[in-house]
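Data first, discussion second: the structure below is written as structure tokens.
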Amino acid sequence: MSDPTPLIPPGPDTPACGPPTLDGGVWSVTRHADVCAVLTDPDFRVPEAAPGPPGTLGWLRGTVARFSRPDRHPARRAAAVAGLADCPPDGLRRDAARLTAEELDRDPRAGSARLARGVPLRVLAARLGLADPAAAVPAVTVLAAAYQPGAGPAAVRRADRAVAALVAMSPAEPPEALANRIGLLVQACDATAALIGTAARYAPAVPTAALLAEVLRLDPPVRATRRIAARPARVGGQPVPAGAELVLRFDAANRDPAVVTAPDRFVPGRSVLTFGAGPHGCPGERHALALATGVVDVLRERRSGTATRPELGPARTRPAVPR
């Protein structure tokens, strides 16, 4: 009989919880209370993206709510929320389950990795009104690879072409609404695929919604996010100067023993920070979970008895790419 509360150790690069530390000029924030405090304090801001020519990666990053300064963020976030108006979570879940079942009927050996990326993006692209949801999948995948700062010139050129393709297949609307519609697809790409892929490894006898919530805590697809201090402040008792860069470690804060008893145990119903909090909290949390639930429900039904037991290994190691 499997352990009802299996042990899932953290990945080897997940830091322990403790006071904020300065490493290479960047503050690492790991405690649950400290991460929450920074996320909800308007004096800590997301790094702003520079604008670019229309229809390019620079244009997209400079126009989406994700990288916007405080005076522009509310209107751009509202555009993203409006884009989700035709995406009811229950409908997304049903569409994802139907498409997953169709893909497995067509190819019973279809890997969870392919389904984890392709199905959510096709479903969401269709609901967002893109003319060719299947063609949107590779374009969004290329774009997501260059979305965060630091992409090389070749990746940026590929992303520019992907943005142009996505603009061409999207409904006609004002540039700000269009950019945030495409931004929803990018935000759903890697994170949702990683959540589904990780959940498919585990087989505790709990409902899928509970499985996903605890996977988000123990093995989060988004492990960190960045903030910049707009003025001098204190975080966890440490003085932080204006302009300082902070990396907020969701992977550590989700296992903070001050908040979670037996933090390495799989016990659904715990506090989870992975979707963020405050003004930049993810507006599509329910939608991402609905897409993941639809895919994972079908995978669990089709592959019952074959999934890897969670106690066999720790959380996977992923680059701590702040978002």
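We're numbering straight along the sequence, starting at 1.
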Over all atoms of both residues, closest heavy-atom pair of [X] and [Y]:
X    : Y    : result
V296 : A199 : CG2-CB, 4.2 Å
L299 : A200 : CD1-CB, 4.4 Å
L130 : A136 : CD2-CB, 3.9 Å
P171 : L178 : O-CD1, 4.2 Å
A253 : V35  : CB-CG2, 3.9 Å

Spacing of CG belonging to L218 relative to OG1 belonging to T14, to within rounding of 0.5 Å = 10.5 Å
Any chance you could measure M169, atom CE, to L128, atom CG, to the nearest 0.5 Å?
-> 12.5 Å
Derivation and outcome, side-chain contact (heavy atoms from CB on, under 4.5 Å), residues F44 and L39 = CA-CA 7 Å; F44 293 97; L39 288 172; over 6 Å; no
Side-chain contact, heavy-atom cut-off 4.5 Å: W27 with P241?
->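 Of all side-chain heavy-atom pairs linking P241 with W27, at least one is under 4.5 Å.
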Flag side-chain contact, heavy atom, 4.5 Å: L60 against L143 =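 Touching, per the 4.5 Å side-chain cut-off.
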Electrostatic pair [X]:[Y] at N-O distance under 4.0 angstrom:
X    : Y    : result
D105 : R302 : yes
R127 : D86  : no
R122 : E103 : yes
R93  : D297 : no

Just one of R76, R77, R181 clears the salt bridge (charged side-chain N to carboxylate O under 4.0 Å, His left out) bar with E176, so which one?
->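 Going through R76, R77, R181 one by one, the salt bridge (charged side-chain N to carboxylate O under 4.0 Å, His left out) with E176 is satisfied by R76 alone.
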Stepwise, does the side-chain contact (heavy atoms from CB on, under 4.5 Å) test hold for V260 with D256?
-> CA-CA 6 Å; V260 180; D256 189 341; 5.9 Å; no
Tell me whether [X] contacts the main-chain N or O of [Y] through its side chain, where contact means a donor paired with an acceptor under 3.5 Å.
X    : Y    : value
T100 : A96  : yes
D160 : L57  : yes
R61  : Y147 : yes
E48  : R69  : no
T274 : P220 : no
T293 : L289 : yes
R249 : A252 : no
T56  : P53  : yes

F250 six-ring face occupied by R223 cation (under 6.0 Å, within 45°) =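 Cation-pi check for R223 and F250: fails.
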Between N180 and T63: side-chain donor-acceptor atoms closer than 3.5 Å = no
Can L291 and V295 be said to form a side-chain contact (heavy atoms from CB on, under 4.5 Å), step by step?
-> CA-CA 7 Å; L291 289 164; V295 177; 6.0 Å; no
Walk me through it: do I228 and L246 pass the test side-chain contact (heavy atoms from CB on, under 4.5 Å)?
-> CA-CA 6 Å; I228 305 295; L246 300 91; over 6 Å; no
